[in-house]
Number of protein chains: 2
Amino acid sequence: MPDHADHGCPGCESPDLAFARHDHAHCSADALSRAEALAAERGLRLTPVRRRVLEILLEEHRAMGAYDVLNRLAAEGFGNQPPVAYRALDFLEEQGLAHRIRRLNAFTACVHPGEAHAPAFLICRACNRVAEAPAEGLRAALDQAGAALGFAVEGSSIEAVGLCPQCAGAAA
Amino acid sequence: MPDHADHGCPGCESPDLAFARHDHAHCSADALSRAEALAAERGLRLTPVRRRVLEILLEEHRAMGAYDVLNRLAAEGFGNQPPVAYRALDFLEEQGLAHRIRRLNAFTACVHPGEAHAPAFLICRACNRVAEAPAEGLRAALDQAGAALGFAVEGSSIEAVGLCPQCAGAAA
DNA sequence: GACCTATATGTAACTTTATAACATTGCAAG
DNA sequence: CTTGCAATGTTATAAAGTTACATATAGGTC
């Protein structure tokens, strides 16, 4: 397996660059092989539907609705009923291979699966693209805010809406 | 208008105490009068539907789905179609009088309207209650994380799922 | 290899959540 | 009073997500 941190693709190397141009084909291939390794490691089955859904999310490189994914699946001969897509997406999310963007009712492939991380998402309101920002500090702060009330934080969704660099530039 | 910070109701005084027992009738009345003041100040119309929706959210003191609110409205002689509820809820949200909880597809009255705040929500997965936690620091950190990528954060939703003190106690 | 079981997939039907589009009402400024 | 705009009412439909049950298939066991 390639060393994720040392292959020279900015988009893969650093999630911070999700908005920047990068060799995305490389990212996809890499993320996929990482997913396979992860599944093997955990004794999980990365079945055809699941694998294909992950591929689709990686290919599109954007947040996709469950029904968008479903349409792609149906066109390729998989089942065409909602549970087919939701089950695969839920599996991927549980395994940290994909994330759910609640503000968009959509899903996106995780760019660095396996690495423990509490993601924060930056959602551009103009182009709708989504970047995953490093948020360890944010999550820690949230845990702490919860703890102050005696609340035990188990999961979090941290999402920001705004303008990405490209769209902000275009507007100006 | 009563001084919000000095009337002795712990639930009102400190949003941190949302999970704690408190004089809720007082909170409601207070929040409502604050909403009225705010509307007057901004030249907005706190119409019967809007006002009633806010009252309902305050009364129930929990996150409510738009259709839950709609049912209450319909029972009271207001329109019984979804836009009636959504429009009022959207208005309240825009004015900072209510918040949308994306993980629950639900809405909740803001406990301290008018005060600038970037709320974080703590959602108990057992009892489904929601507390609004102070999150200025979180929001600042999110702004900064965005800025590092050239992303201009305009709005945020920060939500945590976990166990509230009561439910954690009951489980143990 | 034949069988059994757990897991995954396929499918139908339905619920819940949300929006679009347009008609109607009513308050408010001139 | 009338004209215009904001708010509400209403119809219809779209989008998102779930329940329940039938079928298939991978992997383990004999």
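For the numbers below, each heavy atom of this structure counts, side chains included, while hydrogens, waters and symmetry mates do not. Naming convention: chains lettered A, B, ... in sequence-line order (proteins, then strands); numbering from 1 in each chain.
Going from atom CD of B:Q81 over to atom C1' of C:dA21 covers 14 Å, rounded to whole Å. Counting to the nearest Å, the C1' atom of C:dG10 and the CD atom of A:E76 are 17 Å from each other. Here D:dG17 presents its C1' atom at 14 Å from CD of A:E93, a figure rounded to the nearest Å. Rounding to whole angstrom units, CG of residue B:L46 and P of D:dA7 are separated by 11 Å. The interatomic distance linking A:Y86 (OH) with C:dT11 (C1') rounds to 16 Å, in whole Å. Residue B:L44 contributes atom CG, which lies 18 Å from atom P of D:dC5 at whole-angstrom precision. The distance between atom CG of A:D68 and atom C1' of D:dA16, rounded to the nearest whole Å, is 11 Å. Counting to the nearest Å, the P atom of D:dA16 and the CE atom of A:M64 are 12 Å from each other.
Remark: B:Q144 CD is loosely packed, at most 12 non-hydrogen atoms of other residues, nucleotides or ligands lying under 6.0 Å away.
B:R102 comes within 4.0 angstrom of no nucleic acid atom, judged by non-hydrogen atoms across all strands.
In terms of position on DNA chain D, the residue among B:P82 and A:A66 whose nearest nucleotide sits closer to the 5' end is B:P82.
An OP1 or OP2 oxygen of D:dG17 is reached within less than 4.0 angstrom by a side-chain nitrogen or oxygen of A:R100. Within the 4.0 Å cut-off from OP1 or OP2 of D:dT8, not a single side-chain nitrogen or oxygen of B:R45 is found. Contact between the side-chain N/O atoms of B:N80 and the OP1/OP2 oxygens of D:dG9 is not found at any separation under 4.0 Å. Between A:T47 and C:dT7, a side-chain N or O to OP1/OP2 separation shorter than 4.0 Å is absent. Applying the 4.0 Å criterion to OP1 and OP2 of C:dT17, one finds that B:Y67 has every side-chain N and O outside that range.
Every pair passing side chain to side chain donor-acceptor pair (under 3.5 Å) that includes a residue from residues 65-74 of chain A is listed here, sequence neighbours excluded: A:E59-A:R72, A:E60-A:R72.
Under 3.5 Å, the side chains of A:S157 and B:R102 contain no donor-acceptor pair of N or O atoms.
Of the candidates C:dT17, D:dT8, C:dT9, the closest approach to any side-chain atom of B:N105 belongs to C:dT17. The side chain of A:P83 sits closest to D:dT19 out of D:dG9, D:dT19, C:dA8.
Counting atom types as modelled, A:R87 pairs no side-chain N or O with a base atom of D:dG17 as donor and acceptor under 3.5 Å.
The side chain to side chain contact (heavy atoms under 4.5 Å, CB included) with A:P119 is formed by just one residue from the set A:R139, A:E132, A:H112; it is A:E132. Residue A:Q95 is tested with A:L46, A:L44, A:D90 for a side chain to side chain contact (heavy atoms under 4.5 Å, CB included); the sole match is A:L44.
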